[in-house]
Asks: 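Can you read through this structure? Questions will come right after.
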Amino acid sequence: MSALYDRFYAVVRRIPRGRVASYGQVAELAGLPGRARQVGYALRALPSDTVLPWHRVVDARGRLSPRADPDGIRYQRYLLEKERVEFGEDDRIPLERFGWRPRGARREADT
DNA sequence: TTTATGGCTGTCA
DNA sequence: ATGACAGCCATAA
């Protein structure tokens, strides 16, 4: 178990359907700005039967990040399209339309 | 302990 | 627009 990962997971869990957040955004909302890469680690470590909407996390430009398994991206895209998230010509998601904009900008830290 | 490698990102050429 | 680099730093070897 990892307290660090739990913080990231807590944020990912709040991403609404049909919306996506970037790794950096997740890290920041978790109160740990600059740890985008660690968010990637946290998601990579998720079990296949997780309930977390890990597929709603994309990179800063709205694209799916490459990983060890190339099919993982297709699956992620499938899950997103199933939630009505659209991809552009260059396989990018228009963040201005599908990017998650949390209200109150609450963070895990303080409050 | 040290090195290498990441599901990243902002900056600069 | 693309590509190289430098920070971030947890994990694995």
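Residue numbers begin at 1 in each chain, while the letters A, B, ... track the order of the sequences.
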Asks: So what does A:Phe8 touch, heavy atoms closer than 4.0 Å: a base, only the sugar-phosphate, or nothing?
Replies: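 Result for A:Phe8 = nothing.
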Asks: Would you call A:Arg63-A:Asp90 a salt bridge at under 4.0 Å N-O?
Replies: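 The answer is no: the pair does not qualify as a salt bridge.
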Asks: Rounding to an integer number of Å, can you tell me how far A:Glu89 CD sits from C:dA1 P?
Replies: 14 Å
Asks: So does A:Tyr5 get a side-chain nitrogen or oxygen closer than 4.0 Å to the phosphate oxygens (OP1/OP2) of C:dC9?
Replies: no
Asks: Judged by each residue's nearest nucleotide on DNA chain C, which is more toward the 5′ side, A:Gly34 or A:Arg44?
Replies: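 Nearest-nucleotide comparison on DNA chain C picks A:Gly34.
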Asks: Return the pairing partner of B:dT3 with a 3.5 Å limit on both distances, Watson-Crick or G-U wobble; otherwise return none.
Replies: C:dA12
Asks: Tell me: CZ of A:Arg37 to C1' of C:dA12, nearest whole Å?
Replies: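 Checked: the CZ to C1' distance equals 15 Å.
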Asks: Return the value, rounded to whole Å, for the distance between atom CD of A:Gln25 and atom P of B:dC8.
Replies: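 These atoms are roughly 15 Å apart.
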Asks: Could you check which of C:dA10, B:dG10, B:dG7 has an atom nearest any side-chain atom of A:Leu43?
Replies: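 It is B:dG7.
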Asks: Could you check how far CZ of A:Arg61 sits from C1' of C:dA1, rounded to whole Å?
Replies: 10 Å
Asks: Return the value, rounded to whole Å, for the distance between atom CG of A:Asp71 and atom P of B:dG7.
Replies: 16 Å
Asks: Looking at A:Arg19 and A:Glu83, does any basic side-chain N land under 4.0 Å from a carboxylate oxygen?
Replies: no
Asks: Decide yes or no for A:Leu64 and A:Phe87: does some side-chain heavy atom of the first lie under 4.5 Å from some side-chain heavy atom of the second?
Replies: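 In short, these two side chains touch, coming nearer than 4.5 Å.
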Asks: Output the rounded distance in Å from CG (A:Leu32) to P (B:dC8).
Replies: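 For the pair A:Leu32 CG and B:dC8 P, the rounded distance is 17 Å.
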Asks: Hey, are A:Gln76 and A:Arg67 close enough side-chain-wise for a donor-acceptor pair under 3.5 Å?
Replies: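 Yes, A:Gln76 and A:Arg67 have a side-chain donor paired with an acceptor closer than 3.5 Å.
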Asks: Name the nucleic acid region contacted by A:Leu64, choosing base, sugar-phosphate or nothing; use a 4.0 angstrom heavy-atom cut-off, strictly under.
Replies: nothing
Asks: Salt bridge or not between A:Glu28 and A:Arg35? Use side-chain N to carboxylate O under 4.0 Å.
Replies: no
Asks: Of the listed nucleotides (B:dG6, B:dG7, B:dT9), which one gets closest to any side-chain atom of A:Ala36?
Replies: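 Of B:dG6, B:dG7, B:dT9, B:dT9 is nearest to the side chain of A:Ala36.
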Asks: Output the rounded distance in Å from OH (A:Tyr9) to P (B:dG7).
Replies: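 Computing the A:Tyr9:OH to B:dG7:P distance gives 13 Å.
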Asks: Please state how far atom OH in A:Tyr23 lies from atom P in B:dG6, giving the value in whole angstrom units.
Replies: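 After rounding, the reported distance stands at 14 Å.
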Asks: Please give the nucleotide sitting opposite B:dC12 as a Watson-Crick or G-U wobble pair, both distances under 3.5 Å, or none.
Replies: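 C:dG3 - that is the nucleotide pairing with B:dC12, both distances being under 3.5 Å.
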Asks: Is A:Arg35 close enough to C:dC9 that one of its side-chain N or O atoms is under 4.0 Å from OP1 or OP2 there?
Replies: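 For A:Arg35, the contact criterion (side-chain N or O under 4.0 Å from OP1 or OP2 of C:dC9) is met.
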Asks: Are A:Ser22 and B:dC8 close enough that a side-chain N or O sits under 4.0 Å from OP1 or OP2?
Replies: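 For B:dC8, neither OP1 nor OP2 has a side-chain N or O of A:Ser22 closer than 4.0 Å.
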